[in-house]
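Working notes for the structure below.
Chain letters run A, B, ... following the sequence lines, proteins first and then strands; every chain starts at 1.
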Amino acid sequence: MESEKVLCVAEKPSVAKEIAKILSGNRFVMRNSRINYIKNYEFKCQLNSKEVQVIITSVCGHINALDFPSQYAKWDSCSPTVLFDAPIVKKTIDENAESIRENIFNIAHSVSHLMIWTDCDREGEKIGSDIADVCRMANSDIVVSRARFSAIIPLQIKRAWESSAQLDMNQAEAVGTRMELDLRIGCAFTRYQTLGLRQIFPELGNGILSYGSCQFPTLGFVVERYKAVENFIKEKFWKIHVVEERDDTIVNFNWDKGVLYNVNCCNAIYCDLIMDQPVIATVIEVVTKETRKYKPFPLTTVELQKAGCRFLHISSDEIMKIAEDLYNKGFISYPRTETDQFDHHFNFNDLIQAQTQDPRWGDFASSLLDKRITTRKGRHNDQAHPPIHPVQYATGLTSKEKTVYEFVVRRFLACCSDDAKGNETTVRIKIKEEYFTAKGLVISENNYLDVYPYDRWSDTNLPNFILNETFTPKECTMVEGETTPPEYLTEAELINIMDKNGIGTDATIHEHIKKIIDREYIEKRDQGNKTYLVPSNLGLAIVEGYDSIGFNESLTKPLLRAKMEQNLKEICEGTREKNAVLTENVNKYRDMFLITHNNLQLLIGGFAKYFASSSGTDDVHKVFNDIINVENPKLVRWCRDSWPMYLKKIQNNWIISCINYPNCNYDGFFFNNSSSIKSITVNNEVCSICSKNPLQPVYCLTIVYRTNRIIRGCFGGCDDNMDMLLSRSSGTSNKPRNIDADSHSRRDRGSGSGTRGRRSSRGDGENDIQGTSQGTRGSRGSRVSKRGGRGGRGSRGRGNRAGRGFTSTRGRGRSRGRGSNDNDSGVYDNEPL
DNA sequence: GCAAGGTC
């Protein structure tokens, strides 16, 4: 009997390989897939005391992404407001992902068990659930389980193999929610501000003015610091400074009171001190204690990026590219990790041994061999990857690769070393009732500092002072000073702030910074030997413009994103449902969008400070009104030969499709702006506009917009009025095309399968369809039969449902809330989703 | 042409 087959799928090729090595004991057959970096590893292995055949492969991150259907692709195809409610389609990311998907799909046919080995985080759970979907499509009986591991080491992997559990669908749903919200909000605001502001301010050229829930707070941080510097008001202060010279060494004593901002107050104290000459200082305390400079924590991605900017003078974006190259060449471990603690079983010795051959740090590495290695333990563990460390000795590197590799090695060796140690002496003196302190440091053991030159710790000489001795200081002066402004933000600081505020992830922080540089929101400025980030005029205009609107929760501050993250966490914890979070957030951001539009003069005002406007106030409103009031129905396709049509509402969109071809998803009219539509009425009676063809069933459509504008048109009878209706949908000619029935049905078959599978589950509670039925059911039914349809049963079914589509939805709107099946509410199962 | 999140 053939043994059971298990398919294991990891999130990335490197993990698939490691797991294969561990579970097979390095005895596997490696087969290529169509993508050169995706391999399939095959071997036999015991699972629950039974021998099974194992195939381990991987995806390469996400395989699916969300997007709007193609009819929304053009930026002026609809109002940006529509994007808050528009349908969303799931698509494979690109051709590579398609091949990866095929690889899994093909294997899944012949296996009985799928084990998910994606990273054990939120994104991993989503990727895993997408993998499971692919496999279930190939093999509906496949048993799916989830391996959970906290490090890719034999103990963990073997335990995960023997005790796999279930996917956490809450986490997968949370990621799906994030994806949808980012898409809707990002695209809506980006289109709106780009299309509008570029028209008003020609200097902006053709660049994109993007909005993103991460990029805006990132810009906000840069602007905030910039303003703190620019608006800084210097303040004078005064202090008393005592200097002593002894054994050719100058000793500065700092006043315990620090500084005073009141000159009279400081002067009074000072006058009292120097009233009796000579000034006598008494040593009241001489303490020497051991101190240490702690060695660094194990290296995370964020720390690597910060160090790259600070010590290596390489941008975070570039340093990640270099780190990924080093990883792909097998020189360093996985560079995207949040973990700052090494596992108990981590094998330090072999890795240190590998570095002993280097002329720069080899001797230091040798000195660590055979020592008991202890490292500092940070508070982060992503349960997937160890801290970044060298995995083998590297040669043949480019100049920048060398720099980064050297940093990784030195950091690793520093972690394995001991803290630097020294003795710190504190001398405290008293003059009358005022106290002053001086400190000195003598380093006794450099330890990690010998291999880690990025940290500085130096001796400060302090000559001998004896307790209770008195002396007359060389100087005792009152010194005036003034406060100095903070410095502009450095990239390292920005990374730190983003990390602390939860903006982006370790793997994306550098992308957000690069994005706002590419968008010309911020720029780099060299000053001295440092590089700072400062906002451009465009960046300042955006932040000032949006901030002047005065939202309750600022678009340019991190709190908004943090709240969304909190909602996602609640989905993960099972305390909230995906749909509730989606609805709440979509409504919230839609409100913010509309507040922006209603306060346009404030947004424009922010820009007008920096850019010349080409438009007057009225023009500004017209430009933006034109952008969001795209009210006219949009023609997607019109299949004239497939009358009659039916009307349905999906999510927030009106669809008119042909009854004869229920799989005709896109052949019909698509009113993708229902947020501006108050009602749509279909009367299948003689059209009052044309009255041309009373013998044909004619469907008269009346669209009432929220602005009370009414458009009427008819179809099924008079092309003239249809043309009129359609030609208003855009500036171009939208003359309906004739499509013959045969080619039409072929296309239907092609498009049907790919667009099924998702049910609308969110009604909007409105009751917009006010259809009437006047003896049309029979005629529609007979038409369907005459046209062929799909036979008697099918035509009857469709006829009835079409009738409901037109006629029976009165009063049903509210029942189409979450959880209801669209088939029960007059909507076909051929959703365009 | 738009987001942010995976990864090569």
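- Summary of the strand contacts: Y37(A) and I185(A) both lie near DNA chain B, and taking for each the nucleotide with the nearest heavy atom, the more 5' one is attributed to I185(A).
- Separating the CG atom of L209(A) from the P atom of dA3(B) is a distance of 11 Å, rounded to the nearest angstrom.
- For R561(A) and dG5(B), the shortest distance from a side-chain N or O to OP1 or OP2 is below 4.0 Å.
- If you find the closest nucleotide of DNA chain B to Y327(A) and to C214(A), the one lying nearer the 5' end belongs to C214(A).
- For dT7(B), one of the phosphate oxygens OP1 or OP2 lies less than 4.0 angstrom from a side-chain nitrogen or oxygen of R336(A).
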Practice task
Test ring pair (Phe, Tyr, Trp, His ring centres under 6.0 Å) on F216(A) and F189(A) and set out the steps.
Solution key: CA-CA 11 Å; F216(A) 256 42; F189(A) 274 95; 7.9 Å; no
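- The nearest whole Å value for the distance from the CZ atom in R34(A) to the C1' atom in dC8(B) is 17 Å.
- No engagement by I38(A) is indicated, since no non-hydrogen atom pair under 4.0 Å with the nucleic acid exists.
- Residue contacts shown for N328(A) are limited to sugar-phosphate atoms, with no base heavy atom under 4.0 Å away.
- One interatomic measurement links the two molecules: CG of D67(A) to C1' of dC2(B), which rounds to 9 Å at whole-angstrom precision.
- For the pair E511(A) CD and dC8(B) P, the computed distance is 13 Å after rounding to whole Å.
- Around atom NZ of K588(A), more than 12 heavy atoms belonging to other residues, nucleotides or ligands sit under 6.0 Å away.
- Of the side-chain N and O atoms in R198(A), none sit less than 4.0 angstrom from OP1 or OP2 of dC2(B).
- Contact annotation: T118(A) side-chain N/O to dG6(B) OP1/OP2 distance is not under 4.0 Å.
- Nearest to the side chain of P13(A), among dA3(B), dC8(B), dC2(B), sits dC8(B).
- Looking at the side chain of C187(A), the nearest of the listed nucleotides dC8(B), dG6(B), dC2(B) is dC2(B).
- Proximity of S210(A) to the phosphate of dA3(B): a side-chain N or O atom is located under 4.0 Å from OP1 or OP2.
- Using modelled atom types and a 3.5 Å distance limit, the side chains of N40(A) and T57(A) yield a donor-acceptor pair.
- Residue Q215(A) is in sugar-phosphate contact alone, with no base atom involved, counting any heavy-atom pair closer than 4.0 Å across all strands shown.
- Taking atom CD of E123(A) as the reference point, atom C1' of dA4(B) lies 8 Å away to the nearest angstrom.
- Minimum atom distance to the side chain of R178(A) is reached by dA4(B), of the listed dG6(B), dA4(B), dT7(B).
- In this model, the phosphate group of dC2(B) is not approached by any side-chain N or O of K515(A) to a distance below 4.0 Å at OP1 or OP2.
- Listed nucleotides: dT7(B), dA3(B), dG1(B). Nearest to the side chain of A507(A): dT7(B).
- Taking only side-chain nitrogens and oxygens, T508(A) comes nearer than 4.0 Å to OP1 or OP2 of dG5(B).
- Of the side-chain N and O atoms in Y334(A), one or more sit less than 4.0 angstrom from OP1 or OP2 of dT7(B).
- The aromatic ring of Y211(A) does not stack onto the base of dA3(B), failing the criterion of a centre distance under 5.5 Å from the six-membered base ring together with planes under 30° apart.
- In this structure, G124(A) reaches neither bases nor backbone, as no heavy-atom distance under 4.0 Å exists between it and the strands shown.
- Regarding contacts with the backbone of dA3(B), every side-chain N or O of H512(A) stays at 4.0 angstrom or more from both OP1 and OP2.
- Side-chain atoms of S213(A) and R561(A) form a donor-acceptor pair, as typed in the model, at a separation below 3.5 Å.
- A donor and an acceptor atom, one from each side chain of D506(A) and T337(A), are nowhere located under 3.5 Å apart.
- The separation between D506(A) atom CG and dG6(B) atom P is 7 Å, rounded to whole Å.
- Of the listed nucleotides (dC2(B), dG6(B), dC8(B)), dC2(B) has the atom at the smallest distance from the side chain of R191(A).
- Here D121(A) lies out of heavy-atom contact (under 4.0 Å) with every strand.
- Atom CE in M179(A) sits roughly 15 Å away from atom P in dA3(B) (whole-Å rounding).
- Residue contacts for D119(A): at a heavy-atom cut-off of 4.0 Å it reaches the sugar-phosphate backbone alone, with no base atom in range.
- Rounded to a whole Å, the CZ atom of R122(A) is 14 Å from the P atom of dT7(B).
- Residue M592(A) is tested with I185(A), L560(A), I549(A) for a side-chain contact (heavy atoms from CB on, under 4.5 Å); the sole match is L560(A).
- For the residue pair N567(A) and K563(A), no side-chain donor N or O sits within less than 3.5 Å of a side-chain acceptor on the partner.
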